[in-house]
Amino acid sequence: MSHIKLHIPGPVEVSESTFRAFCRPMVGHRGQGFKDLVAKVQPQLQSLLGTRQSVYLATSSAWGVMEGALRNLTRRKVLNCMKGAFSDKWLEVAGRCGKAAEPLQVPWGSPILPAQIDAKLATGQFDSLTLIHNETSTGTMSPLEEIAALKRKYPEVMFIVDAVSSMSAVPLAFDELGIDVLLAGTQKAFALPPGLTIFTVSPAALAKASGTSDRGYYFDFVEFEKYAAEHMTPSTPSISHVHALSSKLDEFFAEGLERRYARHRQTNQMIRDWALGHGFTLFPEAGHESLTLCCINNGAKPGGRTVDAAGLQRLTKEAGFLIDGGYGKIKGTTFRISNMGDETTESMGRLMAALDHSLARL
Ligand SMILES: *Cc1c(COP(=O)(O)O)cnc(C)c1O
């Protein structure tokens, strides 16, 4: 079967071994077999996320838990830290959930900085904030450790962090960070099929959720905790995803987390070198570039080379690789290439060769 290999920033390429695990025979979600499976992945996930808290598995894409976090934890007003398409959308979602919300908007490509958040929280209006660690639409990372340090100054504020396109590719130590929610969908850096979200919640957030009356049912954090204690999920999960996750986590630990992080840094550097070497510039502010994808400037900002991005995408696709033509309001004036998941220097080398060939033909 001919297949175009995915180098878009999610969903990313899923390996054959992951699909084999995904297709294991079905088991009942209240039976011992499933409980054993969850009991097996639980310590692996805790180790990956640097937490002693339970790590929950939700059958939905990331937005399910992103919305759920607001419903569980925002009672007064949420501060939405906004720097790109995904983080901007959280303000709209808060509104649709009937929550009072205020934007902290920075230009796309800029990071969110601790001082900006500090100034907003100092007003005393907020009981929660949303932050995206790695804004996938612009390929920009915000300094999570420095932002999380603000939690000590504002212990009552719930820090809700989306690490959808960074979790497992860069180190994230939940307990040390001291934040309240950390979540990721599996179709990005985990290189699993879309449809599962992995998240963890602080004791303070669980306590707060238990006192929030309109938190709903499907993403009720208290329900997740209750069932996690028995190695189960509140409702029937995508059991196939959990099989695939188990197989993937074994691969993570066989490689070693440090080696995995180093591999992502290396493969990301290859894309940067390719872009800069061909006269392009990167869209994010210098020093805040993502390590899991590159958002390459193609006219969105002054300077640098501009090409027919749609043409580049088409020719590269003909060579068997799908890259992304930009997202939201920077579609066409940027393009994006992902190094998330199982990519190696060899596999990225093949992509670079295809890109070179395509560029030469434009
Ligand atoms: C992909 C992505 C999302 C959206 O996830 P869905 O799986 O489509 O719900 C949210 N945040 C970030 C940072 C993403 O990259």
Side-chain angles (χ1 to χ4, degrees), residues 6-14 49 56-71 78 80-94 96-97 103 105-106 108-112 129-144 147 159-170 172 179 181-200 218-219 237-238 241 244-245 264 268 283-284 288-295 322-331 334-341:
L6 299 183
H7 275 281
I8 54 175
V12 306
E13 190 70 9
V14 177
L49 299 186
Y56 310 129
L57 304 174
T59 295
S60 75
S61 76
W63 273 110
V65 176
M66 290 163 79
E67 175 173 306
L70 295 174
R71 298 197 62 188
V78 61
N80 299 116
C81 301
M82 294 160 43
K83 58 167 175 163
F86 293 107
S87 48
D88 290 9
K89 191 172 169 182
W90 229 333
L91 177 71
E92 189 200 329
V93 172
R96 292 195 194 191
C97 290
Q105 179 85 63
V106 302
W108 285 28
S110 295
I112 299 275
L129 70 83
T130 63
L131 175 80
I132 290 189
H133 176 217
N134 187 54
E135 173 54 67
T136 320
S137 63
T138 64
T140 308
M141 271 183 168
S142 289
L144 181 56
I147 292 169
F159 281 47
I160 302 165
V161 179
D162 162 333
V164 173
S165 55
S166 56
M167 185 188 287
S168 88
V170 303
L172 290 169
I179 55 177
V181 179
L182 184 68
L183 68 101
T186 54
Q187 79 274 26
K188 308 273 169 94
F190 281 80
L192 295 174
L196 188 74
T197 295
I198 293 166
F199 71 109
T200 190
Y218 197 68
F219 295 104
S238 172
H241 270 98
L245 174 65
H264 279 87
N268 188 259
F283 183 76
H288 299 282
E289 300 89 347
S290 167
L291 292 167
T292 59
L293 74 141
C294 286
C295 183
L322 188 66
I323 62 167
D324 173 87
Y327 193 94
K329 67 183 183 193
I330 52 172
K331 186 178 170 70
T334 59
F335 58 95
R336 299 178 304 164
I337 301 172
S338 160
N339 60 298
M340 290 179 224

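Counting starts at 1 for both ligands and their atoms, in listed order. These numbers were taken from a predicted model, which means no experiment stands behind them.
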* Hey, what do you get for NE2 (His264) to OG (Ser290), rounding to the nearest 0.5 Å? -> 10.0 Å
* Asked: Between Ser142 and Lys83, is a side chain to side chain donor-acceptor pair (under 3.5 Å) present by the stated rule, with each step listed?
  -> CA-CA 9 Å; Ser142 289; Lys83 58 167 175 163; 2.9 Å; yes
* **ligand 1 to Glu135 polar contact by distance, N or O atoms, under 3.5 Å** => no
Give me the nearest non-hydrogen protein atom to [atom] as residue plus atom name, then the distance to 0.1 Å.
atom	value
atom 11 (N) of ligand 1	Asp162 OD2, 2.6 Å
atom 1 (C) of ligand 1	Lys188 NZ, 1.4 Å
atom 7 (O) of ligand 1	Gln187 NE2, 2.7 Å
atom 15 (O) of ligand 1	Thr136 OG1, 2.4 Å
atom 5 (O) of ligand 1	Ala62 CB, 3.6 Å
atom 8 (O) of ligand 1	Ser61 OG, 4.0 Å

* Applying the side chain to side chain donor-acceptor pair (under 3.5 Å) test to Arg336, which of Thr138, Asp324, Thr136 qualifies? -> Asp324
* Asked: For ligand 1, which part of Trp63 has a heavy atom less than 4.0 Å away: the side chain, the backbone, both, or neither?
  -> both
* **Heavy-atom gap Asn134 to ligand 1 smaller than 4.0 Å** => yes
* **Cationic tip of Lys188 above Phe86 ring, under 6.0 Å, 45° of axis** => yes
* Taking the side chain as every heavy atom from C-beta outward, state whether His133 and Leu144 have any atom pair closer than 4.5 Å. => yes
